[in-house]
Amino acid sequence: MSKFTTRGHIPKGLLDECERHADKVLEVGNEKSSGDGYWVILKSGWRTCDDVVHAVHEDTAMGAARMLRAVVRCECRDCKLSRIFCL
C-alpha cells in the first residue's frame, strides 16, 4: 500500500519511482486527459533541483520519474516553518 495519494492511472515506472521515494512524495497524479501531464506533489522539505518548486510536473511519466530522482532538500521559509510546527 502506498504512503501517498494517487489520482488517475499511474504508469508502473512512475509508480515504482514514487514508491522508492515515498519519503518525499505526497501525491502523484495523471492529468493527461486534460493535457496537463503528470504531477508529483512533494512533501514539505523537498523541492525540484532547479527551482524552489514543491512539485514535479512533466508531460511524460518517464520525465516525471527522472525529475523525482533529482529532488533535493528544501530550506525555504515555508518548509522551515513546517518542520518547526510538526515537531
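With a 4.5 Å cut-off on side-chain heavy atoms, V53 and L42 do not count as touching. Residues W39 and V56 fail the side-chain proximity criterion, which asks for heavy atoms closer than 4.5 Å. Looking at V40 and M67, their side chains never come closer than 4.5 Å, going by heavy atoms from C-beta outward. Counting heavy atoms from C-beta outward, Y38 and P11 have side chains that approach closer than 4.5 Å. The side-chain heavy atoms of L15 and F4, taken from C-beta on, include a pair separated by under 4.5 Å.
Across V25, L26, V28, a single residue satisfies side-chain contact (heavy atoms from CB on, under 4.5 Å) together with I41, and that is L26.
Remark: the backbone N or O of V71 is not paired with any side-chain donor or acceptor of H21 at under 3.5 angstrom. Side-chain atoms of N30 come within 3.5 Å of backbone atoms of H9 as a donor-acceptor pair (strictly under, hydrogens ignored). Between the side chain of K32 and the main chain of T60, no donor-acceptor pair closer than 3.5 Å is present. A donor-acceptor pair under 3.5 Å is formed between the side chain of K43 and the backbone N or O of A22.
If you take CD1 on I10 and CD on E19, they are separated by 11.5 Å, rounding to the nearest 0.5 Å. Interatomic distance, CG of L14 versus CE of M62, reported as 11.0 Å (0.5 Å rounding). Here CD of E27 is found 10.5 Å from SG of C18. Values are rounded to the nearest 0.5 Å. R47 CZ to E75 CD: the interatomic distance, rounded to the nearest 0.5 Å, is 9.0 Å.
Every residue two or more places apart in sequence or in another chain that forms a side-chain hydrogen bond (donor to acceptor under 3.5 Å, both in side chains) with D16 is listed here: K12. The salt bridge (charged side-chain N to carboxylate O under 4.0 Å, His left out) check on R66 picks up nothing, with sequence neighbours excluded. Remark: D50 pairs with T48 by the side-chain hydrogen bond (donor to acceptor under 3.5 Å, both in side chains) rule, at least two apart or across chains.
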>> If you apply the rule side chain to side chain donor-acceptor pair (under 3.5 Å), what do you find for D78 with H54, and how did you get there?
In response: CA-CA 11 Å; D78 290 339; H54 299 98; over 6 Å; no
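Nearest heavy-atom pair, C79 versus G45, reported as atom, atom and distance to 0.1 Å: SG-N, 3.2 Å.
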